[in-house]
Asker: 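Sharing a structure here in structure tokens format.
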Amino acid sequence: MSAIEVHDLHKSYGDFEAVSGVSFDVALGEVFCLLGPNGAGKTTITEILEGYRVRSGGEVSVLGMDPAGGPRALRERVGIVLQSCGVQQDLTVAELIEMYGRYHKRRRGVDELIELVELDAKRETRAQDLSGGQRRRLDLALALVGEPDLIFLDEPTTGFDPHARRQAWSTIRSLCELGKTVFLTTHFMDEAQTLADRVAVMRTGTIVAIGSPDELGGRGRRPSAIRFTLPHAAELPERIDAAITRDGDRVQLETTNPVRVTAAITGWAVAEGIELTGFCVTQPTLEDIYLELTGEASP
Ligand code: ATP
């Protein structure tokens with residue numbers, strides 16, 4: 001069974017169609033990430049799946065239920081971390097988790113949750129005295145208190161420092177190990193690359209590509225670039241199976257077979273005693289593909 005099934009989803013605000021016929025499935029236990037520029041329609045879709053917005057057309061099933069109207073049975077099984085949600089500022093981390101737990105039939109222990117989001121040192125700190133990143137981790141703990149099967153994370157690490165982001169990623173990965181399904185929106189490509197099993201890229205209300213981060217938009221088949229600096233006056237060997245560009249001493253080889261070309265070049269350089277400085281092999285990043293798909297790549 002899929003955790004989420006969306007077929008030909010439409011959403012209009014007055015005359016403006018913000019989502020125009022979107023279809024996708026999210027498998028149970030999958031981390032699925034929605035990417036797209038501001039205004040592409042990510043929040044609209046996410047909130048329709050959460051039951052906070054009403055769709056204009058199409059079919060949507062979340063854990064086998066129609067989310068329209070926010071049925072209680074669905075709310076019991078879904079955890080939501082919004083970009084900013086208000087909690088009682090004068091309560092401590094432990095008190096808030098304990099209080100939110102009382103709303104749920106199934107609930108996870110306070111100590112276990114505090115450990116999961118790595119807020120052990122802030123257990124007795126009031127919400128108002130937490131840093132922005134710690135607040136977001138508290139929000140995550142509150143979303144997890146009812147033992148949800150499906151978790152919506154809307155830009156979960158916006159405003160985090162690099163260390164806190166790594167911690168949050170490790171928490172999200174622990175959720176996957178527990179078999180949870182995660183629906184994620186983010187503007188960080190490294191986050192999508194690290195966490196997502198599959199990503200869908202949106203552009204003006206439609207999905208323009210969907211796939212694993214490594215294969216999106218044919219990424220796995222794109223040419224790699226091999227770059228290095230040749231010592232002055234050295235000539236490259238003949239018969240290199242790559243498109244060669246030279247700019248003075250700087251050389252770039254573009255190839256769909258980077259392993260063989262790298263072996264040929266480095267073997268030749270070692271045999272000839274030639275030093276290749278700044279040698280590197282790069283493949284298009286998820287960000288390169290994303291910018292291309294969304295029409296935001298620089299010309
Ligand atoms: P961001 O990355 O900035 O959060 P998004 O991809 O989540 O953007 P949405 O918030 O879903 O985009 O908005 C999609 C489009 O629908 C935008 O053009 C937005 O202006 C419009 N829109 C969203 N909510 C409403 C609303 N309540 N009334 C009218 N238009 C809306």
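Remember, it's a predicted structure, so these values are computed and weren't measured experimentally. One-based numbering, in listed order, for ligands and for the atoms of each. Heads up: numbering here begins at 1 and tracks the sequence.
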Asker: By number and element, which atoms of ligand 1 are closer than 4.0 Å to a non-hydrogen atom of F16?
Answerer: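 Answer, ordered by atom number: 15 (C), 16 (O), 18 (O), 21 (C).
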
Asker: Is it true that, when you exclude E115 itself, more than 12 heavy atoms of the residues, nucleotides or ligands shown sit nearer than 6.0 Å to its CD?
Answerer: no

Asker: Using a 6.0 Å cut-off, check whether atom CZ of R126 has over 12 heavy atoms from anything other than its own residue.
Answerer: no

Asker: Do L195 and L184 make a side-chain contact, defined as non-hydrogen atoms from C-beta onward lying under 4.5 Å apart?
Answerer: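 Of all side-chain heavy-atom pairs linking L184 with L195, at least one is under 4.5 Å.
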
Asker: For atom CZ of R166, is the number of surrounding heavy atoms from other residues, nucleotides or ligands below 6.0 Å larger than 12?
Answerer: no

Asker: Quick one: which of G205, G41, G14 has a heavy atom closest to atom 12 (O) of ligand 1?
Answerer: G41

Asker: For atom 3 (O) of ligand 1, which candidate among T204, L34, N38 holds the nearest heavy atom?
Answerer: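 Looking at heavy atoms only, N38 sits closest to atom 3 (O) of ligand 1.
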
Asker: Holding to salt bridge (Lys or Arg N to Asp or Glu O under 4.0 Å), I want the full list of residues that pass it with R173, two or more places apart in sequence or in another chain.
Answerer: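 By the salt bridge (Lys or Arg N to Asp or Glu O under 4.0 Å) rule, R173 matches no residue at all.
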
Asker: Would you say Q167 has more than 12 foreign heavy atoms packed within less than 6.0 Å of its CD?
Answerer: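 More than 12 heavy atoms, drawn from other residues, nucleotides or ligands, come within 6.0 Å of this atom.
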
Asker: Which of the atoms in ligand 1, numbered in the order shown and given with their element, are less than 4.0 Å from a heavy-atom of R53?
Answerer: 23 (C), 24 (N)

Asker: Tell me whether E118 is salt-bridged to R137, with the criterion being a basic N under 4.0 Å from an acidic carboxylate O.
Answerer: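 Looking at R137 together with E118, the answer is no, because their closest N to O distance does not fall below 4.0 Å.
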
Asker: For ligand 1, which atoms sit closer than 4.0 Å to a heavy atom of A18?
Answerer: 15 (C), 16 (O)

Asker: Which option, P37, G39, G36, A40, owns the non-hydrogen atom nearest atom 17 (C) of ligand 1?
Answerer: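 The residue whose heavy atom sits nearest atom 17 (C) of ligand 1 is G39.
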
Asker: Heavy atom under 4.0 Å from ligand 1: found in R203's side chain, backbone, both, or neither?
Answerer: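 Neither part.
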
Asker: Determine, considering heavy atoms only, which of I48, T46, T43, D154 sits nearest to atom 7 (O) of ligand 1.
Answerer: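 Shortest heavy-atom distance from atom 7 (O) of ligand 1: T43.
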
Asker: Take atom CD of Q128 as the centre, draw a 6.0 Å sphere, and report whether it contains more than 12 heavy atoms from other residues, nucleotides or ligands.
Answerer: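 It does: Q128 CD has more than 12 such atoms within range.
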
Asker: Measure the distances from the heavy atoms of E47 to every atom of ligand 1 and state whether one is below 4.0 angstrom.
Answerer: no

Asker: Ligand 1 versus H187, non-hydrogen atoms closer than 4.0 Å: side chain, backbone, both, neither?
Answerer: side chain

Asker: Need the ligand 1 atom indices (1-based, order shown) with element for anything under 4.0 Å from a heavy-atom of K42.
Answerer: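 So the atoms of ligand 1 that pass are 1 (P), 2 (O), 5 (P), 6 (O), 7 (O), 8 (O), 11 (O), 12 (O).
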
